[in-house]
Amino acid sequence: MPEGPSIVILREEAAHLTGMRIADVSGNTRLDKARLKGQTMVALRSWGKHFLIEFRSFSLRVHFLLFGSYRIDERRADAVPRLSLGGARGELNLYACSLRFIEEPLDTVYDWRTDVMSDHWSPARARKKLIERPQLLACDALLDQDVFAGVGNIIKNEVLFRIRVHPLSTLGALPTAQRNALVREARKYAFEFLAWKKAYVLKKHWLVHTRRICPRCDVPLHKGKLGRTRRRSFYCTQCQVLYADNDTAVR
DNA sequence: ATAAATGTTAAGAA
DNA sequence: CTTCTTAACATTTA
């Protein structure tokens with residue numbers, strides 16, 4: 001559920017609730033639910049993996065982490081919502097998610113240029129951030145939400161394979177063309193992810209994520225928990241080049 | 001059935 | 001004061 005494109009789908013699916021005044025609130029969240037009653041959903045927005053419900057004087061931030069889910073205009077029979085917001089236009093049910101109020105205007109809290117799904121996405125800004133951190137590993141860079149908000153582990157693996165860069169490459173050792181390709185492909189793949197997910201054909205388009213054989217080399221893929229975050233990396237040591245300065249650990 | 005997974009955060013350790 | 005490690009959270013699928 002969680003990567004950026006999935007949140008865009010949620011935003012689109014819930015669009016008809018925009019402008020709705022909340023009549024019914026329930027759920028097992030520890031948040032002050034009473035505050036939401038009577039509020040009008042002014043806008044439904046998103047930033048990376050954050051789903052944002054904007055009210056007149058504050059907002060609600062929804063993060064689905066690894067296991068969260070939602071139902072729109074229906075309710076799961078087998079689970080109590082973390083939060084349910086109902087009104088004349090329908091009902092939004094959120095499960096197993098992290099909720100937080102945001103008091104400041106969203107435009108002062110979020111830099112929309114960082115969101116790979118946003119119309120305001122700025123590749124130039126991302127490129128600049130990458131140049132500023134030469135020691136950062138390619139696999140960690142893609143997961144850094146301050147650089148690529150919305151990119152998750154699937155997108156990470158697919159992007160690195162597409163641009164033929166080994167996940168343990170350091171940014172400083174990457175040729176400029178590859179560094180730029182990293183930024184370009186993150187955005188491009190995120191939108192392909194979106195289209196495939198909408199068509200329910202996302203998984204079959206995965207080239208390396210959860211795969212065992214390199215589709216280019218026909219050689220076994222490597223699998224390892226790499227980088228700062230120790231997230232799964234699937235990669236081919238034959239066609240993904242390791243760019244490293246000197247003594248960077250290899251595997 | 002046990003583990004692992006599209007993720008983040010807080011707390012404690014180094 | 002960082003920076004790193006670990007645990008916690010919670011659900012579905014292999």
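As the structure is a prediction and not an experimental result, all values here were calculated from the model.
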Would you mind telling me which of dT6(B), dT8(B), dT11(C) lies closest to the side-chain atoms of Q145(A)? dT8(B)
Name the nucleic acid region contacted by R61(A), choosing base, sugar-phosphate or nothing; use a 4.0 angstrom heavy-atom cut-off, strictly under. sugar-phosphate
Nearest-Å distance for atom pair CZ/P, residues F64(A) and dC9(C): 20 Å
Applying side-chain hydrogen bond (donor to acceptor under 3.5 Å, both in side chains), can you list everything that pairs with K198(A), at least two apart in sequence or on another chain? E12(A)
Using distance only, find each side-chain donor-acceptor pair of residues 80-88 of chain A under 3.5 Å and give its atom names and separation, not counting sequence neighbours.
from	atom 1	to	atom 2	distance (Å)
R82(A)	NE	N28(A)	OD1	3.0
R82(A)	NH1	C97(A)	O	2.8
S84(A)	OG	R75(A)	NH2	3.1
S84(A)	OG	N93(A)	OD1	2.6

The side-chain hydrogen bond (donor to acceptor under 3.5 Å, both in side chains) partners of R127(A) (sequence neighbours excluded) come to none
Atom pairs, N/O to N/O, protein against nucleotides 1-6 of chain C, distance under 3.5 Å?
from	atom 1	to	atom 2	distance (Å)
dC4(C)	OP1	R228(A)	NH2	3.4
dC4(C)	OP2	R228(A)	NH1	2.6

Please state whether the phosphate of dT6(B), meaning OP1 or OP2, lies under 4.0 angstrom from any side-chain nitrogen or oxygen of K49(A). no
Separation of dT6(B) atom C1' from E158(A) atom CD, nearest Å, is 12 Å
The criterion is side-chain contact (heavy atoms from CB on, under 4.5 Å); which residues satisfy it with K37(A), sequence neighbours excluded? V25(A)
Using only side-chain N and O atoms of K225(A), determine if any of them is under 4.0 Å from OP1 or OP2 of dA5(B). yes
Roughly, in whole Å, what's the span from CG in L99(A) to C1' in dC9(C)? 13 Å
Checking H205(A) now: which residues fulfil side-chain hydrogen bond (donor to acceptor under 3.5 Å, both in side chains) with it, not counting sequence neighbours? W196(A)
Y95(A) OH - dT11(C) C1' separation (whole Å): 13 Å
Residues clustered with L143(A), ILVMFWY side-chain links under 4.5 angstrom: none
Sequence-distant partners of E103(A), side-chain hydrogen bond (donor to acceptor under 3.5 Å, both in side chains), two or more places apart: R35(A)
Assess the side chains of K156(A) and S233(A): does a donor N or O sit below 3.5 Å from an acceptor N or O? yes
Rounded distance in Å - CZ (R232(A)) to C1' (dA3(B)): 11 Å
Can you tell me the distance, in whole Å, between the CG atom of N157(A) and the P atom of dA5(B)? 11 Å
Using the side-chain heavy atoms of K197(A), tell me which of these nucleotides is nearest: dT11(C), dT8(B), dT6(B). dT6(B)
How does the hydrophobic cluster around L52(A) look, that is, which other residues are in it when side-chain heavy atoms under 4.5 Å mark a link? W47(A), I102(A), L106(A), V109(A), Y110(A), W112(A)
Between dT8(B) atom C1' and N153(A) atom CG, what is the distance in whole Å? 14 Å
Set out, line by line, the N/O atom pairs under 3.5 Å between protein and nucleotides 12-14 of chain C.
from	atom 1	to	atom 2	distance (Å)
dT12(C)	OP1	R76(A)	NH1	2.9
dT12(C)	OP1	R76(A)	NH2	2.4

Secondary structure of DNA chain C per the Watson-Crick/G-U criterion (both distances under 3.5 Å; [ ] crossing, | other strand, . unpaired) is .||||||||.||||
Start at the 5' end of DNA chain B and walk down; is the nucleotide closest to S6(A) or to H50(A) reached first? S6(A)
Any Lys/Arg nitrogen of K129(A) or D144(A) sitting under 4.0 Å from an Asp/Glu carboxylate oxygen of the other? no
P spacing across the pair dA7(C) / dA3(B), given as an integer number of angstrom: 15 Å
Can a donor-acceptor pair be found between the side chains of S59(A) and R45(A) at a distance below 3.5 Å? no
Rounded to whole angstrom units, what separation is found between the NE2 atom of H63(A) and the C1' atom of dT8(B)? 6 Å
Fellow cluster residues of L221(A), listed by chain then number, with links counted only when side-chain atoms sit under 4.5 Å apart: F161(A), L207(A), V208(A), F234(A)
